[in-house]
There are 2 protein chains.
Amino acid sequence: MTTIYDLARVTGISKSTVSRVVSGQGYVSAAKRQRILAAMRELHYIPNQRAKNLRRQRTNTIGFLLREYFPLAGEFMDVFVHEAARYGFTVNVYFTQNAETERQTLDLLASGALDAVFILTRINDWDVISRYTQFGPIATWQRVDRPDIYSNYLDHYPLYLKILEQLYREGHRQIGHVLSDRSSANTQARLRAIATFQARHPDAAMTFVCHFATQQNAGKTAAKRWLAAAARPHAVVFFADYVAAEFVATLRRAGGACPPDCTVVSTDNSAIAKLTAIRTMDLGFRSQACNGVRYLVGQLTDQELAAETIRPHWVKA
Amino acid sequence: MTTIYDLARVTGISKSTVSRVVSGQGYVSAAKRQRILAAMRELHYIPNQRAKNLRRQRTNTIGFLLREYFPLAGEFMDVFVHEAARYGFTVNVYFTQNAETERQTLDLLASGALDAVFILTRINDWDVISRYTQFGPIATWQRVDRPDIYSNYLDHYPLYLKILEQLYREGHRQIGHVLSDRSSANTQARLRAIATFQARHPDAAMTFVCHFATQQNAGKTAAKRWLAAAARPHAVVFFADYVAAEFVATLRRAGGACPPDCTVVSTDNSAIAKLTAIRTMDLGFRSQACNGVRYLVGQLTDQELAAETIRPHWVKA
DNA sequence: CTGAAAGCGCTAACAA
DNA sequence: TTGTTAGCGCTTTCAG
């Protein structure tokens, strides 16, 4: 490993001048710069990142935290990593699994291993997570209203209402709902939308409602319940494309087809929706990923990076 | 930020003794240990990772390189990150995009930002990549035979032959092939299997062969070709579940169904195959991910970590 | 068992 | 424009 010290020794120029050339900061005479540059090439000099990190108190690394893997997480990460790279940041992935591990991972912020953290799906209370903002900026995909945690969320209430109204217009009077965990803010918004819709249209039956904490097997279970239901809803709205796709696949295995047996609607616009031809509404996760990065980078570099505007829209099949 | 120095000052004990307690290395009297431990708690001490990294010439970070995202990459990473975490390593994700960027990313090995590198999909020649092994161990998902780069590959030749024989046994005499890039070692193995099969069964027609460099839109294009083909093969084997799924979706949009119009077989055992009920053979990518991690960690920590044996098998739909 | 001291490789304030 | 110097926070000999 060639170091800056070697370059200084070989060229007979001081370490600091070499450092100036290497980092491109400060004035150096053309003659010396050339000599140093030549030596750099000759000795295959590559600056030591670890030393830089210690010295500058930065690692240019963002932690990407999620409880566990789900297909959309991969697509989200794709966008996130690309956007971070644009600003010279790299992304470290962590599966948090439980509250304890999540806290330990957040400690990496305090230890200086991470400059910032993005939480795709959380475990601990926001109060707990919030404490870590003293060590670095935190952003999340989830919906929170806190001054210290950035959340680029969308209110699901009007959107869900829009979906329901659309189905009503198409003639559906029995609509099922497959929702995420009850505690999630988005689920609560959707439940409120259901209540509003119900009040508006007393002729619509909204009795089929399921909740799932994870995406794994949710679609399968929902399909079984649908098959066993006394009054099967002819339209079901899902909280994730993956779950919707699993629902469709399970139904198909049981000899059904969606449609006509059941109209399936979801809200991600993921690769899976495209493949399985599920009707889906794009809620702008790609923009949310970009905005998350921009907020974090903005905080770290003390600048205001413009956020992309999220435009939810139906994806034509 | 509390440092080891603060702890020393507060307790009146030397830095080195504090360090011994913090790192758990070396002998320290019970009394002093208690005093230090108490101070650590009181001052919320968290060791600085950047300083540690510089000092120990290690970051405990593995770089995960891929050209671009594809659904299976996400599932692969899921396993990879979990396995790395078991050994105390964290994973940094990089999209390499072009040869130049890939080289720059490999430079991170030389800069000490990364301890080791795993290459899911490469761009540069192995000769180029090989040079970086002087800076740290390199493993890959791709098939290579080199002493310095670890590759936990599977010979696709016998497996592909097995798939073809199975289809033949089921009565198929016209089999199509959707393959990856011609330059890939796996594709070459599959082409050899096709040749062998052809020689063995002259009554089988193997005229439908497509090659695709990326997974994006490959299935769609293949479907269009299939629809336009003079003699449509009633069975097609794909190099990736995602591509197979896109093929099926495109055909379905055109009014077809697989089966009976076309039997679709693939080789990943991904989440998508499960959702779309595609017949697929598990080639053990999960084990390959684990083995990749184990090799790299083994090299870094100078031990021999047992590799999982890969057992390819049909996945029952 | 403990402390002093050297140093990982780089940066930046300050002086010249 | 350049060099000297003082660290960043931690680990690890080496004496004591």
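Residue numbers begin at 1 in each chain, while the letters A, B, ... track the order of the sequences.
Classified by interplanar angle (parallel below 30°, tilted 30° to 60°, perpendicular above 60°), the ring pair B:Phe95/B:Tyr69 is perpendicular. Ring geometry for B:Phe76 versus B:Trp141: interplanar angle of 30 to 60°, hence tilted.
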Short N/O separations, protein against nucleotides 7-9 of chain C, under 3.5 angstrom:
| from | atom 1 | to | atom 2 | distance (Å) |
| --- | --- | --- | --- | --- |
| C:dG7 | N2 | B:Arg55 | NH1 | 3.0 |
| C:dC8 | O3' | B:Gln57 | NE2 | 3.3 |
| C:dG9 | OP1 | B:Gln57 | NE2 | 3.4 |

Grab the N/O contacts between the protein and nucleotides 13-16 of chain D below 3.5 Å, and write none if there aren't any.
none

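Computed from C1' positions of five pairs at each end, the angle between the two local axes of the helix from C:dC1-D:dG16 to C:dA16-D:dT1 equals 40°, rounded to 10 degrees.
Counting only residues at least two apart or on different chains, the side-chain hydrogen bond (donor to acceptor under 3.5 Å, both in side chains) pairs with a member in residues 99-116 of chain A are A:Thr59-A:Asp115, A:Asn98-A:Thr101, A:Glu100-A:Arg103, A:Glu100-A:Gln104, A:Glu102-A:Asn124, A:Arg103-A:Asn124.
Distance, A:Ile36 CD1 to D:dG3 P: 8 Å, rounded to whole Å. Distance, A:Leu7 CG to C:dC10 C1': 12 Å, rounded to whole Å. For the pair A:Asn53 CG and D:dC10 P, the interatomic distance rounds to 15 Å; values are reported in whole Å. Rounding to whole angstrom units, CZ of residue A:Arg50 and C1' of D:dG9 are separated by 15 Å. Whole-Å rounding puts the A:Arg35 CZ to D:dT1 P distance at 16 Å.
Taking only side-chain nitrogens and oxygens, B:Thr17 comes nearer than 4.0 Å to OP1 or OP2 of C:dG3. Phosphate contact (OP1/OP2 of D:dC10, side-chain N/O of B:Ser19, threshold under 4.0 Å): absent.
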Start with the C-alpha gap between A:Asp125 and A:Arg131, add the side-chain angles, then the distance that decides, and say whether salt bridge (charged side-chain N to carboxylate O under 4.0 Å, His left out) holds. CA-CA 10 Å; A:Asp125 287 343; A:Arg131 268 182 236 135; over 6 Å; no

Could you please spell out the steps behind the side-chain contact (heavy atoms from CB on, under 4.5 Å) verdict for A:Thr133 and A:Ile149? CA-CA 8 Å; A:Thr133 54; A:Ile149 296 177; 4.2 Å; yes

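Less than 6.0 angstrom separates the ring centroid of A:Phe64 from the ring centroid of A:Phe80.
A:Arg55 is linked by a salt bridge (Lys or Arg N to Asp or Glu O under 4.0 Å) to nothing, counting only residues two or more places apart in sequence or in another chain. Qualifying salt bridge (Lys or Arg N to Asp or Glu O under 4.0 Å) partners for A:Glu83, counting only residues two or more places apart in sequence or in other chains: A:Arg86, A:Arg294.
Across A:Tyr45 and A:Ile4, no two heavy atoms sit closer than the pair CE1-N, 3.8 Å.
Of the options A:Asn186, A:Asp155, A:Thr187, A:Asn152, a side-chain hydrogen bond (donor to acceptor under 3.5 Å, both in side chains) to A:Arg143 is made by A:Asp155 and by none of the others.
A:Val22 comes within 4.0 angstrom of nothing in the nucleic acid, heavy atoms only.
Within 6.0 Å of CD on B:Glu304 lie no more than 12 heavy atoms contributed by other residues, nucleotides or ligands.
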